[in-house]
Amino acid sequence: MNLAVGIEEAQNHYTVKVSGEIDVYTAPELKDKLLPLTEVHGNDIQVDLKDITYMDSTGLGVFISAYKSAKEHESSMELIHAKDRVSRLFKVTGLDEIMNVRFDDNNKEGQ
Amino acid sequence: MNLAVGIEEAQNHYTVKVSGEIDVYTAPELKDKLLPLTEVHGNDIQVDLKDITYMDSTGLGVFISAYKSAKEHESSMELIHAKDRVSRLFKVTGLDEIMNVRFDDNNKEGQ
Amino acid sequence: MEAFDFMEMKVPAKADYVGVIRLSISGVASRMGFSYEAIEDLKVAISEAVTNVVSHAYEKKEKGEVLIGFAVYENRLEVMVSDQGESFRFEEIRNRIGPVDEMDMVTDVSKLREGGFGLFLINALMDKVEINNEYGVIVVMTKYLDETEVGLNDEVPSQV
Amino acid sequence: MEAFDFMEMKVPAKADYVGVIRLSISGVASRMGFSYEAIEDLKVAISEAVTNVVSHAYEKKEKGEVLIGFAVYENRLEVMVSDQGESFRFEEIRNRIGPVDEMDMVTDVSKLREGGFGLFLINALMDKVEINNEYGVIVVMTKYLDETEVGLNDEVPSQV
Ligand SMILES: Nc1ncnc2c1ncn2[C@@H]1O[C@H](COP(=O)(O)OP(=O)(O)O)[C@@H](O)[C@H]1O
Ligand SMILES: Nc1ncnc2c1ncn2[C@@H]1O[C@H](COP(=O)(O)OP(=O)(O)O)[C@@H](O)[C@H]1O
């Protein structure tokens, strides 16, 4: 039921590893850690979704606001290793067409 | 929440592998599979508890009746690889002093 | 009458308990024999409904509760999520429900809405959804064990 | 008054639902920050209490329900398991509760009882246990988050 967010930094490149469950209880923590990275100019952020075991619309909401904030601040944000259930959510909502999401499953490789 | 019971046979030696959860819902299935083996003369039965992820007094009840039935029919039954939570139940109830239970943890090796 | 088992949970309308409800629903669904995929669908749909109660129902009150009812039938699970908080104008909301391409025709990501996917997901993941909002909000969601029993029903939830 | 969250479940008194209740309790306990060991203790204790309802409470009726209440305090969890079935003669039962060595002085395995470990385990695994059986049976079990808060309390449950 818990969430862990790990951030690796190399100059202005960030890899954010999200593991565990993203729901209304844990989403604020994710937002608090992810948003500040997007509020700096010229950051290059990859969010690794591989170890997410549960996610619902509260997670989508966090990624949408981070994505918008990155655009605004001329940073870039990419979601990587979306698979199974997580990829399903991006596809069913059509968000995969708008945001940078890389899938780990076959249906829609490298979107 | 489920239970699986696998039985390996070599002459009159039986290894019964119990995996999953033993509770009031699954105990009848375990009893149905284990008891018949104890009702034959001269059987030698080892019950492998290694992969039990949950057990409560309903499990103890099944093992007690199997143990008694084995004695009655001059068969032998041994419980092996009791560890963690499962071993705790046998110890706290004192059943480890009466039945053949082999533990996989340090507290009471080879009981 | 068709036989069913009924199970009920009442929890504080707090974010803390959504995960607990999710564990309970996955227990009920796995005992019923739902597939892994269907269990995950149920977890998301029920979490969305409970999250809505946590986030929207009791805005004007200090605290409230969420009531979850599970009706376990031979061939389906019906889950009711209800609150005694604010109702909402379903007709207005209805227009905001849908995947992004259909709804927003967003070409510009900055116009993308950040919420509003909850009811859409509930509808996408369950076989039948009914919403009643006369007194508080009641969302009734049905999922069939055997997917072939499901009629063509992929529209926006109907109001009853 | 000491603040707490209250959560309630009502389920059919059937073996099928014991696992669901176990998932719910493990959710509540893990959210509260109980250790792995303590969560496992809680799962066994609550399952024992619910199993008793399933096995003994409604012997003379066709069906019944079990009600589980969780009172989540800052420093402890109180779980109430109750039914509206048969009461039982606690004073008689009391003498049959205990680990085998103390109780039975069994030297001969054939005399070993096959049941009767449920109430004993509840008492061994929880910090405080109260049983009320005026109308149906109510078992109230308490577990503290911090084990140092627990008084010396390892006797047979008291009747209230
Ligand atoms: N239980 C509820 N009580 C009051 N309003 C609700 C409830 N559920 C949904 N709503 C309203 O419906 C809207 C759409 O809900 P939803 O699709 O889940 O998206 P979101 O919750 O992200 O806004 C909410 O913004 C809210 O105004
Ligand atoms: N909820 C209950 N309703 C009626 N009788 C009960 C209830 N709980 C316990 N009892 C009685 O107490 C006895 C001891 O219970 P327990 O220690 O759990 O062992 P067991 O259930 O294996 O007999 C039971 O056999 C039963 O007679």
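Chain letters run A, B, ... following the sequence lines, proteins first and then strands; every chain starts at 1. Just so you know, these numbers use all the heavy atoms, side chains as well, and skip hydrogens, waters and symmetry mates.
- Counting non-hydrogen atoms of other residues, nucleotides and ligands closer than 6.0 Å to CD of Q11(B) gives a total of 12 or fewer.
- Counting heavy-atom pairs closer than 4.5 Å to chain D, the top residue among A27(B), P28(B), G61(B) is G61(B).
- Remark: the Y54(B) side chain and the S47(D) side chain contain an N/O donor-acceptor pair separated by less than 3.5 Å.
- With a 4.5 angstrom heavy-atom cutoff, K14(D) does not touch chain B via any of its atoms.
- No more than 12 heavy atoms of other residues, nucleotides or ligands lie within 6.0 Å of CD in Q84(D), so this atom counts as exposed by the packing criterion.
- Interface remark: F63(B) contributes no atoms to any contact with chain D (heavy atom separation under 4.5 Å).
- Of the possible polar contacts, one joining the S35(D) side chain to the A38(D) backbone as a donor-acceptor pair under 3.5 Å is found.
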